Every structure is written in C-alpha cells, then in structure tokens.
Participant: 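I'd like to ask some things about the structure below.
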Protein chains: 2
Amino acid sequence: MADPDSDIDELAFLAAYDASLYPRPSVAVDVVLLTVSGDELRTLLVRRSEQPQLGRWALPGTFVRVDESLDAAAARAVTTKAGLSEVFIEQLYTFGNPGRDPRTRVISVTYYALVDAARLEAAVLGRTGRELCLARVPAPDAWIVADTADGAALELAFDHRELLAVAVERIRGKLAYAPIGFELLPATFTLLELRRVHEAILGRPLNKDSFRRTILDRGLVEATGELARGLGHRPATLYRFARAGGR
Amino acid sequence: MADPDSDIDELAFLAAYDASLYPRPSVAVDVVLLTVSGDELRTLLVRRSEQPQLGRWALPGTFVRVDESLDAAAARAVTTKAGLSEVFIEQLYTFGNPGRDPRTRVISVTYYALVDAARLEAAVLGRTGRELCLARVPAPDAWIVADTADGAALELAFDHRELLAVAVERIRGKLAYAPIGFELLPATFTLLELRRVHEAILGRPLNKDSFRRTILDRGLVEATGELARGLGHRPATLYRFARAGGR
DNA sequence: AAAATAGTGTCTGTAAGACAATATAAC
DNA sequence: GTTATATTGTCTTACAGACACTATTTT
C-alpha cells in the first residue's frame, strides 16, 4: 500500500483536481427539536421569513458551510434558531429527492434533538407567535401538527411533515433500548415525571408498576435522597440519571 | 396560506434564484453490500482504479447526479459495481466531515444492502481478485477486514472502515425486531440455515430451541411442505418467508 | 380525617434457556 | 443398524402486567 510512486501520483492528481467539473446539489441540515411539555410531545417550528414558502412553518435548519461538519451545522442551526447549546442531538436521515425544494436540488441531512421543556421554553420566551412556535405533535395516527395556542393545524414547508414523522418514529423505537427520556427532563425528576415523558413519546399509557421496576432494575437512575414537595399528597423520591449505567 | 400575492412573489423569487451563489459540496452514495457465506458475514469491496487512493479497496459507490434521487443513485451503484438489481437496500447514515476525501468536500450518504450469497457470488463470478473482493467482516471486537483468499487484512480507502462498522452495528440492532435475515437466504431455507445467518450477523451462537420457537411463533415463515435432501441425516423442513406476517 | 399519589408485595401469564426424548433420511 | 441432525415436550427462570395493600404528605 505504501508505494511512493503512487503517493506522488496521488498528490499530482489532487493538485490538478477541479471540483467544479460536476454539477453539485446544495446540502442543508434540518433539526427536529423535540420536547415534552404538558404531557405532550412538541416540536419547535420557525416561521419562514424569506422566499420560498414565505410564511409557512418549517423545522429550524441551515445550509452546510463548505468547511463545516454536518454535526457542527446542525448544532449551529439549534443555536441560531432556538438559542440553545449543548443539547442532545443525533443524525436521523437524509432526504434528497429532486424537487423537494423548488429553488434547486437541496439534500437535507436531518437531525433530531431532545431538550427539556423548561430550558426550551426559557430559550424561546417572548419569540413564540409570529416567529417561533412550539407545536403539538399528536399521536401516531393523527399526523396533524397543531399550534399550541388555538389548536389549528399547521401547514409545514417543503417535506418537513415527513421529516417530523421519521423523527418521532425514530425516538419511539429508540426509547425501548436507549436512555433518552432523561434528555427531556431537568436534572432531577420523579419516576412519575419520567413515565409521563415516555407516555408522551409513545402516545400510549404505560404500566405503572413494571415501568418503575424496569427503570430501577436497569440501574439507569439513582435516588438523590430528596423528595418532591408541595403536591398535596405523599411526595415521590427525586432521582437523577446515573450516567455510569450503575450496578 | 393560499395567498395569491405571496405565490406570485415566490414564483418571481424562484425565477431569479441563482443556485451558484454559494459553494456546495459534492454528494456521493456508498453502499455496504453484505452477505453471509460460509457462516461468515462478508462485504463486497471494489479496488479503486482511479486516483485518489488508487489500488485501495473501497465500498461500491458513485456520485449523485443532480436530477437523481439518493435511493436511485444507491441502486445504480449496486447495479454498476456488482451487477445486481432488486436488492434489499436501506439508507444508513450520512458522513460529511471536511477532509474525509482529499479531492474536495464530499458528503457521502451511505446505504446498506443485503443479498443472498449465491446471487452475489454468481453476479461477481470471475471478477474477484484484482477488481472485486468479497471480504470477511469478523466479529465486533476485531475490526479487521480480511480478504477471503489469504486472510490478509485489507486497508480500506477513505473512512470506509467506519462506514462498514456502522452498517454492521445497524443490522445487528435491526435483526432483533425486523425480518432481515431472509434477505440473505434463497427463497426456501431450513431453520438451521436461518439461524446460521443470524449467528454470523451477531457474531455469537444462538440458542437452538428458542430460536426455532421465536421464529415460528412470530409467523414470519411458513413451511413449503418440502424437505431438504441429500444430507446424510434426517432432513429439515424447508420454509419460505411469509411476507404477509402471518397469523 | 380526607385526598391523592408513592411505594411494596404477590400472583399470573408469557417467553427464553436448558435438557431430555423421539423421529427419520442417508449411508 | 449407525449417524447426525430434526422435532417435540417438559422443566425452570426471568420478567411484565394486574391487583391489592400499606405509607406519607398536604389540605
């Protein structure tokens, strides 16, 4: 493999390479930023302020800069549009059908991100309405994205409804084996809160007893020793996510 | 949403849109074409006949044409490089770090494909050696891709070793809940053959009894009524994949 | 004391692993 | 008949769902 002649050939080839010979598509990232608030799954939408599809609601996204990694572009989109940093974010799927964007061929590498509701709501405070929207994402059957305020259905830009559907499907599947529920909660939480998050994601009720057992047996959480307070009934133990895996 | 003025604005905008304003990366597809042969997981590699990385082994791939969907580009890569059509193929992950290709910024949308060994071996017959290679993909721990012939480790081009690792990880995970083993077998097969395929993918032995029960209980296979023959011992029932899901 | 949820213990059904016993085509 | 694997059946263990009961804080 370490043939010096071919190394020289390769260097010569690269020096002469003209990247502009072939037509190339544009590459964008779009982020499905999910949270659970009021026992419902919600996603952040941005109102398009430019053509095309001006005025429609879209997932936060941006074009990928030519010297920037895909992950970095996705993180930049979250920072720019939602004012958040250090969120849990993972690549989801890449959409690239010709014609999905009327401007030109745009390939969109999509990500999903998970943030706890308090953080997200603080970050977008005062900007919801014309500019931003924390839209409800209903149960799997009814794929209508609704505004939180008046419950009206929102028409999403481009193929973003499809991106959203893929994201929800993905985290539903992932919930069964990966500890992603914690990303949607503050640092300490009760088992009831954790279960409500799981139920919101799955869109169905979960068995209280076996949920408790499963979570505790896996050693993914550890008790902080403190109790929730001021609820009018017996307080629950507060837990924290045990990153080590425990046990 | 159906404001006629904004529609006119959008049309005017699109007519004036110049897609060449921003620098754009190249977009390629690469396919991890997997099969199980000789109780081992294998993947098809292509020897690079051009610069850069001339002579190294690479996953079959191609650049995406500007009017072609990603799926179509992946299917075209399989047809062109392996001479196969109608294979099971799914998108895997998109790699796009700057610097992963020395020519220019190349974003690679990767796919994995599954083919039964007999079909793949017939398709690449006579072309293995200098041009193509059906390389062994060993157990998860030893991430050395080895040539089938002399067992020597192969050095892969670009970041293709990483792509391969992600593909194997993905089908291992998927095997637990999706009927993908059938894609790696001919139309009819015995339960032993199906188990060997699963074992090759997972890299560990599976319990014979519960494997049989699990597969049969799920109703994913149905007996053809015929028996395997010529084996020197009691013949096993031949099954076929029951696409309906059964039961 | 009443309300409301937290937390514990027990029973049951399902599914997987282990193991034993029987079945059968090729030789 | 011998061989080697197929196929069936039973026992045990692990775990999830269901349900009953006790515990504890706020009002």
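Chain naming here is simple, since letters A, B, ... match the order of the sequence lines and numbering starts at 1 in each. All values reported here derive from a predicted model rather than from experimental measurement.
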Participant: For A:Thr224, which residues count as a side chain to side chain contact (heavy atoms under 4.5 Å, CB included) partner, sequence neighbours excluded?
Facilitator: A:Thr188, A:Glu226, A:Leu238, A:Arg240

Participant: Sugar-phosphate means primed atoms, P, OP1 and OP2; the rest is base. With that split, encode nucleotides 5-15 of chain C 5' to 3' as B, S or - using protein heavy atoms under 4.0 Å.
Facilitator: BBBB-B-----

Participant: Is a donor on one side and an acceptor on the other found under 3.5 Å between the side chain of A:Thr43 and the backbone of A:Leu33?
Facilitator: yes

Participant: Would you please name every residue forming a side-chain hydrogen bond (donor to acceptor under 3.5 Å, both in side chains) with A:Arg212, sequence neighbours left out?
Facilitator: none

Participant: Taking 5' to 3' order, which nucleotide of DNA chain D is first and which is last to have an atom within less than 4.0 Å of a heavy atom in chain A?
Facilitator: D:dA16 to D:dT26

Participant: Please compare A:Arg229 and A:Phe211 by the position of their nearest nucleotide in DNA chain D and report the one closer to 5'.
Facilitator: A:Phe211

Participant: With a 3.5 Å cut-off and sequence neighbours excluded, list the donor-acceptor pairs that the side chains of residues 197-209 of chain B form with protein atoms.
Facilitator:
from     : atom 1 : to       : atom 2 : distance (Å)
B:Glu199 : OE1    : B:Arg196 : NH1    : 3.3
B:Glu199 : OE2    : B:Arg195 : NH1    : 3.3
B:Glu199 : OE2    : B:Leu206 : N      : 2.9
B:Asn207 : OD1    : B:Asp209 : N      : 3.0
B:Asn207 : OD1    : B:Ser210 : N      : 2.9
B:Asn207 : OD1    : B:Ser210 : OG     : 3.2

Participant: Output all residues satisfying ring-ring contact (aromatic ring centres under 6.0 Å, His included) with B:Tyr112, sequence neighbours left out; order by chain, then residue number.
Facilitator: none

Participant: With sequence neighbours left out, what residues match A:Ser69 under side-chain hydrogen bond (donor to acceptor under 3.5 Å, both in side chains)?
Facilitator: none

Participant: Applying side-chain hydrogen bond (donor to acceptor under 3.5 Å, both in side chains), can you list everything that pairs with A:Thr190, at least two apart in sequence or on another chain?
Facilitator: none

Participant: Can you list the residues that meet the side-chain hydrogen bond (donor to acceptor under 3.5 Å, both in side chains) rule with B:Thr110, with sequence neighbours excluded?
Facilitator: none

